[in-house]
Amino acid sequence: MKYDSGRIEKKWQKKWSEEKIYEISDKGEKFYHLVMFPYPSGDLHIGHWYNFAPSDVYARKKKMEGYKVLSPIGFDAFGLPAENAAIKRGIHPETWTYENIERMREQIVSMGPMYDWSKEVITCDSNYYKWTQWIFLELLKAGLAYRKKTPANFCPSCNTVLANEQVVEGRCERCDSEVVQKDIEQWLFNIRKYAEELLFSLKDVDWPEKTKLMQENWIGKSEGVEVEFTVEGKPLKVFTTRPDTLFGATYLVVSPEHPFLNDIKKTKVKNLDELEKYVMQARKKSERERTSEEKDKTGVKLEGVFAVNPLSGEEIPVFVGDYVLLHYGTGAIMAVPAHDKRDYSFAKKYGLPVKRVIRSESGLPYEGEGELVSSGKFTGINSDKAREEIIKHLKEKAKKKVNYRIRDWLVSRQRYWGAPIPIVYCKHCFQKEGKEGIDYTVFEGEEHAIVPVEEKDLPVALPYVEDFTPSKKGKSPLSRSDEFLITICPRCGKEARRETDTLDTFVCSSWYYLRYTDPHNDKAFADKKKIKEWLPVDIYIGGAEHTVLHLLYSRFITKVLRDAGHLSFSEPFLKLRHQGMILGPNGQKMSKSKGNVVDPDKEVKKHGADAVRMYLCFMGPYDQGGSWNPRGILGVKRFLERVWKMKENIEEEENEDLEKKLHQTIKKVTEDIDNLRFNTAISAMMTFLNKVQYLKKEQIKTLLLLLAPFAPHLTEEIWEDLGLKGSIHNEKWPTYNLSKTKEEKTTLIVQVSGKVRDKIEINAGTPEAKIKKLAKESEKVKKWIAGKKIKKVIIIKNKLVNIVIE
RNA sequence: GCCCGGGUGGUGAAACCGGUAAACACGCACGACUUAAAAUCGUGUGCCGUAAGGCUUGUGGGUUCGAGUCCCACCCCGGGCACCA
């Protein structure tokens, strides 16, 4: 019979689901295998396949090896794109989302993965976001969630604020619009408090070095010193990592928003008008504009104002410049133009003195370290030592300080399709309690007490509203629903207002891996025993684009929940691996406008899911991705056809050589899957089959077992055809006998002065003297060494001999 | 600018610890089967050369008996960060 992938795949998908063969067993060591859950964007695309199919191979092998494997799937269902798409199509985000989920579920099933659907999680289900809200309240309790009026990144197209991590080169991550700064009352999570731990516990996880490095850079730790200058009799602190260059400080620069300006402006500054104008201009500019003028720094000198260098006693001028950022360090710097290229370019522009204080051969600016010059009593000392001595000398005017680049996580979104923030604002409580002893905020222009919704009243349900379009003013659509907005204060029982912003979807996705262990629990986000049974995640597979978003947030939330006593581990994902990106056949990123999109449904129809799965595995290194070659899939398809035909080529004849090859193949496939080297695992099986005319039934069985994770449908069908009992996917992974993988004969490479001149078949373990003799006796070699003096002979056992001649 | 990856046949790629460069596959060529085509199977396939042989892993240099692999400099491609003091 012909190999009919369509018929076979439907048959087994149905059967597997009916017989629940992927239900998690209670035997064996636990293995939590996780893939990044998809966003229900419409149809499953080839990128999803590339995430799910090869990782499913990995999970299946683990299961066959006797682990009890949790391999769940779900949907990251809240978020801006659902709304944007719904608005475009004129349907409700909820309808759009659930319709997509239904379709994508079918498409996922068509891949033949071993997901246990009873564990499915959908973040926009109220039984899920109830716990997202609960986690918010946990953060609030721990003092890690706070409301603040702060300049925030606002996307004028999405009409909402965004987290720092969601702004890419000054543009909205989603829609690419230029982000503007806007002062709005916002909810933030204090991720900075965990900056140090987020940094140092990276050493405990097995992640790609690049990913760790990106997180490190994002957190951006820098150890330095706050040095106190005196400006017109008042202290002004600057942050520097190079106190050893203090003698080279020729001016100070403060950021335009620095509060110190308010004090000094009116009394001392002579060019007040110029200053005011500059500050106004700087405020108007977006961060993007300010940072894009990198090459051309601007500033205004505070005429009549001088700062005193605490170390040298020198009087130096003070500038306002927008290249100094308020939110980093102290918002003020000492400028050392000789040893900092930014200060150097500023100094050149404004004709300020440049004073070298570190000796070096190279020109200025010189940013390296070295021996101090022109630095008073510190002259002649080396940078590292000088730093310590200067700090000591300055006493309380210099304090060591660690700064982090990372900013707190802004979680409010002025959009409809998200989990409501479980907070109530109460005017009455504020009037009664006043500003002391109570958290209060400005809401709708008036002061209110901040009252958390009580746990028993969760979830705060997202109301079904007809008008969910975002407002241009950056106000949540929920504020238009009186039914939602007006509520009862949990504290005083009088009328109050609900928070109308929703939570960033990254809050939802920062804990879903916990929920998978116990998705239907309505007493807790997950049962403690279940969490202990499964977590942390043993391997997490997904794209690299989430490095500073989802992966960082998840680590943070894990640590918060640990400190609140809910978890007993510190890192959620012990091992992380990224899949690469699949490009269109033309080598470019797939996009509808370029017409190079590969539709997996069509490929499945044409070649079968098993072939598509395998081709994705075979294309190249998993973390590298590559362009889809429409002909490339034919290679694996031909291989599957040949496997299909093998069941007619059974012969029970001993073949020791073949048995050896088989054991080598088992070893190779086993090790390669472990290392996610799916491409070479497949080529090993191909190599094996290429050498084979007939197989014994036992050998076919072994081959099928090796192939089962890759081609679950085909192997199951042949398994049945061979009259074997049960599902192949409940069978044990084949083991190899190490002694059977060893060859008795090997090829000895004979080199003369490093060039290959002959190849000789020898027995493994041939002694060196014999090898030497064989090599010299070779006719081909004789030709090259005749009449030459042999300098030396190098022998690598079982492999190579190199006769070095003059 | 800084920090990471990566440059190997016509193409995707392979190569453990420095030891046969190009496994496996696509494509191509030829052959078998066929009235023919497709499919399938077989053979060949880095480059130059009839051959002997020579050359070949981005470029140039170095270490070594031996380098795709290690070291130095440079070029190109991809990704991240980008006034973070």
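No hydrogens, no waters, no symmetry mates; every other heavy atom, side chains included, goes into these values. Chain letters run A, B, ... following the sequence lines, proteins first, then strands; residues in each count from 1.
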N/O (side chain, R405(A)) to phosphate O (OP1/OP2, A82(B)) under 4.0 Å: yes
is_close_aromatic(F346(A), Y251(A)), centroid dist under 6.0 Å: yes
Sugar-phosphate, base or nothing in reach of R631(A), heavy atoms under 4.0 Å: sugar-phosphate
U35(B) versus A23(B) - spacing of their P atoms, nearest Å: 37 Å
Interatomic distance at P, G66(B) relative to G19(B), whole Å: 15 Å
F618(A) ring center near F639(A) ring center (under 6.0 Å): no
Pairwise P distance, A21(B) and C16(B) [rounded to whole Å]: 14 Å
Strictly under 3.5 Å: I want the nitrogen or oxygen pairs between protein and nucleotides 54-57 of chain B, one per line.
from: G54(B); atom 1: OP1; to: R757(A); atom 2: NH1; distance (Å): 3.4
from: G54(B); atom 1: OP1; to: R757(A); atom 2: NH2; distance (Å): 3.1
from: G54(B); atom 1: OP2; to: R757(A); atom 2: NH1; distance (Å): 3.1

Y328(A) side chain near A85(B) phosphate (N/O to OP1/OP2, under 4.0 Å): yes
Contact letters for nucleotides 8-20 of chain B, in which S counts primed atoms plus P, OP1 and OP2 and B counts the base, heavy atoms under 4.0 Å: ----BSS-B--BB
Worked verdict on K221(A) versus E196(A) for salt bridge (charged side-chain N to carboxylate O under 4.0 Å, His left out): CA-CA 8 Å; K221(A) 180 177 181 173; E196(A) 186 59 33; 3.0 Å; yes
Ionic contact status for E671(A) with R677(A), cut-off 4.0 Å: no
Distance below 4.0 Å between R638(A) side-chain N/O and G27(B) OP1 or OP2: yes
R613(A) to W49(A) six-membered ring, cation-pi geometry met (6.0 Å, 45°): no
Cation over ring face, K780(A) and W784(A), 6.0 Å, 45°: no
Nearest-nucleotide 5' precedence on RNA chain B, W218(A) against T330(A): W218(A)
Nucleotide A85(B), atom C1' - distance to CZ of R387(A) in whole Å: 13 Å
Test side-chain hydrogen bond (donor to acceptor under 3.5 Å, both in side chains) applied to E226(A) and K397(A), K399(A), K401(A), K400(A), the passing residue: K401(A)
A13(B) versus C26(B) - spacing of their P atoms, nearest Å: 16 Å
Glycosidic conformation of G42(B), taking syn as within 90° of 0 and anti otherwise: anti
Distance in angstrom units between L246(A) CG and A85(B) P, rounded: 16 Å
Carboxylate-amine/guanidinium proximity below 4.0 Å for K661(A) and E743(A): yes
Greater than 12 external heavy atoms within 6.0 Å of K349(A)'s NZ: yes
Rounded distance in Å - NZ (K637(A)) to C1' (A39(B)): 11 Å
Atom pair distance, as rounded to whole Å: OH in Y366(A) and P in G1(B): 20 Å
Whole-Å gap separating P (C81(B)) and CD (E545(A)): 13 Å
Whole-angstrom distance between C70(B) and G18(B), as gauged at atom P: 8 Å
Interatomic distance at P, G44(B) relative to G12(B), whole Å: 24 Å
Chi class for C17(B): syn within 90° of 0, otherwise anti: syn
Under-4.0 Å side-chain N/O to phosphate OP1/OP2 contact, K341(A) with A85(B): no
U8(B) and C3(B), which share atom name C1', separated by this distance in whole Å: 26 Å
Touch class at under 4.0 angstrom, heavy-atom based, for N690(A) against every strand present: sugar-phosphate
Under 4.0 angstrom between K792(A) side-chain N/O and C65(B) OP1 or OP2: yes
Helical stems, RNA chain B - three or more consecutive Watson-Crick or G-U wobble pairs below 3.5 Å: B:1-7 with B:75-81, B:10-12 with B:24-26, B:27-32 with B:40-45, B:46-48 with B:53-55, B:58-62 with B:70-74
Ion pair K660(A)/E744(A), N-O distance below 4.0 Å: yes
Charged N-O contact under 4.0 Å between D610(A) and K637(A): no
Contact nearer the 5' end of RNA chain B, comparing E223(A) with K210(A): K210(A)
Rounded P spacing from G31(B) to A38(B) in Å: 13 Å
Electrostatic pair E369(A)-R387(A), nearest N-O below 4.0 angstrom: yes
Atom-pair distance (OH on Y323(A); C1' on A82(B)), nearest Å: 16 Å
Rounded distance (Å) that lies between atom P of A23(B) and atom CD1 of I682(A): 18 Å
Any donor-acceptor pair under 3.5 Å from K212(A) side chain to W207(A) backbone: no
Given K783(A), K782(A), K776(A), the one that forms salt bridge (Lys or Arg N to Asp or Glu O under 4.0 Å) with E779(A): K782(A)
Interatomic distance, E641(A) CD vs A25(B) P [rounded to whole Å]: 15 Å
